[in-house]
Amino acid sequence: MGTRAVVASVAPARPDAAGLGGAARQGVANLLGVAVAAVAGFGLNIVVTRGWSMSDAGLFFAATSAFMIAYAAARLGTGVGSVYFISRYRTLGQPERIRASVLVGLLPVLGVGTLIAVAGWWAAPRVVALTLDEPVPGAVRALRVLLVFVPVAALCDFALAACRGFGRMRPLLLVERVGRTGLQVAGVGLAALLGLSATTALPLAWALPYLPAALFGAVWLARLVRRAERRAEAPAVSLREEFGPYWRYSGPRALSGLAQMAVQRLDIVLLGALRGLSEAALYTAATRFLALGQLSGQALSTAVQHRLAEHLTRDDRAAAGRLYQAATGWLVLLAWPTYLLFAVFAEPMLHLFGDGYAAGARVTVLLALTMLVATGCGMVDTVLNMAGRTSWTFYNALAGTAVNVLLNVLLIPRLGIMGAALAWSTSILITNLVPLAQLHRAYRLHPFGRGTVTAAGLAVACFGVPALVARAVTDAGPVTLAALAVLGTAAYAAGAWKLRGVLQLDALRGLRRGRRR
């Protein structure tokens with residue numbers, strides 16, 4: 001094929017060939033936005049566990065988990081597909097293909113989302129009967145309230161992902177991270193303050209913010225598409241011409257995205273069915289700390305997706321490898337302190353959710369240690385997807401999901417929340433270590449640069465070892481945790497500054513200049 005020659009002629013190499021500066025700048029902006037969203041989401045869970053009974057909280061968490069699985073099915077893998085194709089067409093200088101690419105992804109998403117909402121409304125009584133160990137008044141109503149918003153949430157996700165394909169992170173930050181999450185916290189907080197129903201007002205307060213977010217995201221995307229078309233020199237392509245390439249790429253991703261969401265949420269539903277809603281609430285609280293640690297991965301992934309697509313479209317594996325290793329080093333630098341502190345101080349942190357929730361401490365410890373391994377592998381799925389290997393990510397996700405479901409069914413009846421944690425931990429390892437081996441074998445790409453190793457050592461030295469020592473010689477209370485966090489952060493910042501060259505933090509020097517542009 002002559003694609004590489006065309007790419008080379010239209011996209012000469014830049015001085016910062018790997019795009020580290022842009023990735024770092026957008027990574028910082030994304031990190032701030034995701035931090036706001038993660039802290040707000042964490043606070044929302046505390047409001048729910050303290051504002052309603054453990055059983056009511058469990059019902060809400062199980063219902064929202066079912067919603068998230070349905071929403072993942074409605075997305076059809078188009079989030080990654082839109083980033084990939086829009087980035088690719090911009091790199092190849094083919095803006096006339098962008099509108100068709102957007103429409104062949106958007107229309108099926110809206111259609112499938114609507115079908116899921118209608119089918120879910122009709123099947124809600126049977127779903128509730130199958131997933132709850134005993135009848136709960138209002139459970140059907142709660143599920144129906146949420147399922148109405150499935151097509152709206154899918155539209156929101158599609159529009160914001162397509163904006164990322166244009167290299168624009170601001171829509172995601174303002175509309176999703178700050179706007180929607182902030183409205184959710186405000187709505188749920190108001191429902192708790194007024195003592196409203198956990199089966200109607202609470203799910204409605206949580207789901208309603210998807211509506212304005214979807215509207216703003218769709219308008220923002222439409223403006224970007226029109227702007228790109230003004231630069232087109234060739235006539236627009238037909239939807240039929242674009243349909244095949246788009247769905248050959250995105251089709252496998254539709255199933256793998258659904259599988260990944262099932263791994264993250266199905267255990268909560270199964271706990272409600274096999275062990276009761278109280279254990280579902282306990283497990284949800286014990287695993288919510290992971291969201292705080294995952295914020296850095298989400299921020300960096302959205303910042304580097306389109307850059308990886310550009311490098312791999314040019315077949316510039318050297319630049320892709322440098323970006324992959326640098327991003328993994330930044331990911332470890334940001335995430336490992338959080339997971340290390342969670343592992344050592346799980347019990348006092350779980351007291352934040354109220355009485356009885358500290359019983360989930362062992363779950364938090366296990367999953368925090370597992371996430372140390374996962375973050376050390378870097379954003380393996382993102383690299384594979386941007387290399388066009390969505391079928392590989394599908395098979396990886398399918399394997400992880402199959403193992404997860406099997407272990408959940410076998411272990412939850414005997415071990416309860418610990419069985420669910422063991423199942424999730426195993427699937428996390430599968431879906432990170434297998435693609436890690438695939439990347440190295442197929443592309444000779446790996447995340448283990450000097451920056452990654454340095455960041456890991458620095459995190460262990462400043463947080464891991466001091467936390468273990470403090471836990472051994474003093475009480476593991478909030479005062480000890482706060483002191484370690486402050487002192488560790490100071491030492492960590494000093495060490496990161498001294499080693500900024502190895503960690504490639506010098507890419508942030510252009511941050512202020514990039515903002516002015």
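Fair warning: this is a prediction, and the values are worked out from it, not measured in the lab. Residues take their numbers from the sequence shown, with the count starting at 1. Only heavy atoms go into these numbers, but all of them, side chains included; no hydrogens, no water, no symmetry mates.
Put simply, the side chain of Tyr492 gets close to the backbone of Leu333: a donor and an acceptor are under 3.5 Å apart. Distance alone, capped at 3.5 Å, is enough to place a donor-acceptor pair between the Ser427 side chain and the Trp424 backbone. For Arg50 (side chain) and Leu352 (main-chain N/O), a donor-acceptor pair under 3.5 Å exists by modelled atom type. When atom types are taken as modelled, the side chain of Ser425 and the backbone of Ala421 share no donor-acceptor pair closer than 3.5 angstrom. Judged purely by atom type and a 3.5 angstrom limit, Thr364 has no side-chain atom pairing as donor or acceptor with the backbone of Phe342. Between the side chain of Asn408 and the backbone N or O of Asn404 there is at least one donor-acceptor pair closer than 3.5 Å. Distance alone, capped at 3.5 Å, places no donor-acceptor pair between the Asp56 side chain and the Trp52 backbone. Arg275 places no side-chain N or O within donor-acceptor distance of the main-chain N or O of Leu271, the cut-off being under 3.5 Å. Trp247 contributes a side-chain N or O that, together with a main-chain N or O of Val104, makes up a donor-acceptor pair within less than 3.5 Å. For the pair Asp157 (side chain) and Ala153 (backbone), a donor-acceptor distance under 3.5 Å is absent.
Between Phe463 and Tyr339, the distance from one ring center to the other does not fall under 6.0 angstrom. Note: Tyr84 and Tyr89 fail the aromatic proximity criterion, with ring centroids not under 6.0 Å apart.
Under the 4.5 Å side-chain criterion, counting only non-hydrogen atoms from C-beta, Thr328 is not in contact with Met379.
The closest side-chain donor-acceptor pair between Ser197 and Thr199 falls under 3.5 angstrom. Thr393 and Asn385 share a side-chain donor-acceptor pair at under 3.5 Å. Trp336 and Thr375 are linked by a side-chain donor-acceptor pair at a separation below 3.5 angstrom, with hydrogens and angles left out of the test.
The cationic atom of Arg97 (NZ for Lys, CZ for Arg) does not lie both less than 6.0 Å from the six-membered ring centre of Phe85 and within 45° of the ring axis. The cationic atom of Arg248 (NZ for Lys, CZ for Arg) does not lie both less than 6.0 Å from the six-membered ring centre of Tyr246 and within 45° of the ring axis.
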From CA spacing to verdict: side-chain contact (heavy atoms from CB on, under 4.5 Å), Val80, Met386:
CA-CA 8 Å; Val80 172; Met386 294 303 103; 3.5 Å; yes
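Aromatic ring orientation, Phe353 versus Phe42: perpendicular (interplanar angle above 60°, classes split at 30° and 60°).
Phe158 pairs by the ring pair (Phe, Tyr, Trp, His ring centres under 6.0 Å) definition with nothing, not counting sequence neighbours.
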